[in-house]
Every structure is written in C-alpha cells, then in structure tokens.
2 protein chains.
Amino acid sequence: MKKMRVRFKLWLNTKNVEGVFGDGKWRLLRAIDSEGSLNAASKALRISYRKAWGDMSKAEACLNVALLERHRGGRMGGATCLTEQGKEWVKAYTKFRSEIEKAAEKAFKKHMEKLIK
Amino acid sequence: MKKMRVRFKLWLNTKNVEGVFGDGKWRLLRAIDSEGSLNAASKALRISYRKAWGDMSKAEACLNVALLERHRGGRMGGATCLTEQGKEWVKAYTKFRSEIEKAAEKAFKKHMEKLIK
DNA sequence: TTTCGATATGTCGAATCGTGCATAACCATA
DNA sequence: TATGGTTATGCACGATTCGACATATCGAAA
C-alpha cells in the first residue's frame with residue numbers, strides 16, 4: 001500500500017491576466033501580516049524579495065484593490081502591512097481554499113484510494 | 001464588476017515522486033482512449049509526442065500499474081489503448097476531479113465573489 | 001542633517017520544462 | 001520481403017520563471 005497525497009493549486013484569472021491571485025499571493029499576504037514587512041515576509045517564505053514585490057504589485061494592479069499599506073524610510077527603513085481590504089482577501093481566500101482542500105481530501109478517499117496498491 | 005474565474009490544478013504525489021498522476025495525464029489517457037494511439041492523442045492535445053510518451057512512462061512506472069497496452073509495428077505502425085486498469089483510473093479520476101471542481105465553484109461563489117469589484 | 005534598513009525596479013544568469021529533431025526498433029499487411 | 005506509421009529514446013535548443021545583484025529612493029529617528 002503506497003502512500004499517496006493529493007496536491008492542488010488554486011488561482012484566479014481575469015479576462016486578460018493569468019494568476020491575479022492564488023495560493024502564492026495568499027501565503028505572501030499572510031506572511032506580510034505576521035512579519036510586518038515585505039522584506040521579512042519574503043525571507044520567511046524563502047522567496048526572493050524581487051518576486052514577492054512583483055507578485056504583490058501584480059495582484060494590486062490586476063485586482064484594482066489596495067491590499068497593502070507600504071511605508072518607506074525611517075530608522076527602521078519602512079514597513080508594510082495589510083489594508084482592511086487586504087485582510088478581507090486573506091480571510092475570504094482562507095475559507096475558500098480550506099473548503100476546497102476538504103473536498104479534495106474527501107473525494108480522494110472516496111474515489112482514488114481504492115486504486116492505490 | 002470584473003469577470004473572474006477559478007482555476008485549479010490537481011495532482012498526486014508519492015513519497016518520492018512529484019506528479020505521478022494528475023490533470024495532464026488524465027487528459028492524455030482520455031485522448032489515447034478516444035484517438036487510439038499515443039501519437040494521435042498527443043496531436044489532439046497539442047503537446048509533443050515526446051512529452052506524452054514521457055508522462056505515460058512516468059505514470060506507469062511510479063504507480064506500478066499498467067495503464068496502457070502498446071502495440072508496435074504493422075502496416076499502421078502500431079496503436080495504444082487503455083488497459084482495464086487504465087480505464088478505471090480515468091473513471092475514478094474523472095469523478096474525483098469533478099467533485100472538486102464543483103466544490104471550487106461553490107466556494108468561489110460563497111466566499112470570493114463578493115470581493116470582486 | 002546624517003543614518004540605516006525597507007521599498008522600488010531593472011537586468012542578467014541559472015534552472016526548469018517542453019518542443020523539435022534525429023534515429024532505432026517493430027511488425028501486420030500488401 | 002519490403003513498407004510505413006507508430007512506439008521508444010536521447011539530445012540540443014528555446015522559452016519561461018525565478019533568484020542574485022545592483023542601484024536608487026525614501027524618511028523617521030538619532
């Protein structure tokens with residue numbers, strides 16, 4: 001009996017743009033929320049700052065929503081936190097994703113497990 | 001009101017190997033079933049024969065299941081069809097995937113739609 | 001006013017992945 | 001037995017993605 005696991009990736013598309021929001025950006029938003037800066041968040045997730053910054057820019061531009069409140073300068077260099085809308089996106093996506101994950105586990109047990117040998 | 005769509009990708013991992021089965025291989029199996037050969041299937045899906053062949057090899061090797069019955073030679077060159085096990089995998093995965101897709105649409109409407117502006 | 005660490009952005013190189021191409025083996029049928 | 005289209009497989013090239021760097025900017029606090 002081999003051990004197998006379901007994996008999935010979720011994202012949202014607009015008419016023109018692929019991946020305006022998804023698992024990666026969701027994780028990044030959460031990390032920014034807990035770490036207090038984009039820089040620290042990128043380190044926590046072990047992705048480059050360059051990518052983290054690009055991802056957030058893309059999301060905000062494509063969703064036409066201000067997810068982040070960015071601060072530059074100061075002795076501590078700056079900081080970034082979530083706007084109310086950013087927090088709402090995190091909350092909603094968390095529930096959204098969690099329901100799908102549950103459905104995936106359930107469906108796996110129901111349909112796939114019997115095939116694994 | 002921007003139009004947005006959910007997208008997802010599903011796959012299965014074993015302990016050691018990433019992606020031993022998933023959406024791509026499922027589509028490929030179905031195409032082989034309807035087209036009658038790996039070659040025709042790869043053309044129908046517009047992927048290279050090279051990749052199609054590699055994907056099927058990987059799946060069979062990692063799942064330790066014979067999904068395909070391959071025939072070489074003959075005036076028509078050969079053919080490939082699904083084994084009974086191959087058909088079972090297609091059937092099961094189709095149901096599996098469909099349940100998750102439904103859950104995703106439902107969850108999107110429930111949690112995400114309100115955020116889109 | 002100097003400082004220091006974070007934000008902001010462009011660029012080039014490395015890794016990953018698929019395609020294209022080449023070639024061999026195969027064998028039912030004409 | 002000659003043929004032709006498919007399976008089988010290696011390899012090099014091209015695209016796409018991401019990370020590593022290199023700067024530039026910013027501004028509250030020392």
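Letters A, B, ... are given to chains in the order of the sequence lines, protein chains preceding strands, and every chain is numbered from 1. Just so we're clear, the structure is a prediction, and the values are computed from it rather than from any experiment.
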Hey, what do you get for [atom1] ([X]) to [atom2] ([Y]), rounding to the nearest 0.5 Å?
X: Leu115(A); Y: Leu12(B); atom1: CG; atom2: CG; answer: 10.0 Å
X: Leu67(A); Y: Glu88(A); atom1: CG; atom2: CD; answer: 10.5 Å
X: Thr80(A); Y: Glu69(A); atom1: OG1; atom2: CD; answer: 9.0 Å
X: Ile116(B); Y: Phe108(B); atom1: CD1; atom2: CZ; answer: 5.0 Å

When the distance from [atom1] of [X] to [atom2] of [N] is rounded to whole Å, what number comes out?
X: Arg70(B); N: dT9(D); atom1: CZ; atom2: C1'; result: 12 Å
X: His71(A); N: dA29(D); atom1: NE2; atom2: P; result: 12 Å
X: Leu68(A); N: dA8(C); atom1: CG; atom2: C1'; result: 13 Å

Task: Selection: residues 20-36 of chain B, any non-hydrogen atom under 4.0 Å of DNA chain D - done: none
- [ ] Ignoring backbone atoms, establish whether Trp53(B) has a side-chain N or O less than 4.0 Å from OP1 or OP2 of dA8(D).
- [x] yes
List every contact pair, protein side and nucleotides 26-29 of chain C side both N or O, where the distance is under 3.5 Å.
from	atom 1	to	atom 2	distance (Å)
dC26(C)	O2	Gly73(B)	N	3.1
dC27(C)	O4'	Arg72(B)	O	3.4
dC27(C)	O4'	Gly74(B)	N	3.4
dC27(C)	O2	Gly74(B)	N	2.3
dA28(C)	N3	Arg75(B)	N	3.0

Output one line per pair: protein atom, nucleotide atom from nucleotides 19-23 of chain D, and distance, for all N/O pairs under 3.5 Å.
from	atom 1	to	atom 2	distance (Å)
dG19(D)	OP2	Ser48(A)	OG	2.9

TODO: Identify which one of Lys9(A), Arg30(A), Arg97(A) satisfies the salt bridge (charged side-chain N to carboxylate O under 4.0 Å, His left out) criterion when paired with Asp23(A).
DONE: Arg97(A)
Open item on the list: For Arg7(B), I'd like to know if atom CZ has over 12 heavy atoms of other residues, nucleotides or ligands within 6.0 Å.
Closed with: yes
Task: Aromatic ring pairing Tyr93(B)/Trp26(B), orientation class (parallel under 30°, perpendicular over 60°, tilted between) - done: tilted
- [ ] Using the six-membered ring wherever Trp is involved, compare the ring planes of Phe21(B) and Trp89(B) and label them parallel, tilted or perpendicular (cut-offs 30° and 60°).
- [x] tilted
TODO: Indicate yes or no: does Lys87(A) engage Glu84(A) in a salt bridge with an N to O separation below 4.0 Å.
DONE: yes
Task: Residues Lys43(A) and Glu35(A) bridged, charged N to O under 4.0 Å - done: no
Open item on the list: Taking the side chain as everything from C-beta on, heavy atoms only, tell me whether Asp33(B) gets closer than 4.5 Å to Val90(B).
Closed with: no
TODO: For Thr80(A), answer base if it contacts any base atom (sugar-phosphate contacts may also be present), sugar-phosphate if it contacts only those atoms, and nothing otherwise; contact means non-hydrogen atoms under 4.0 Å.
DONE: sugar-phosphate
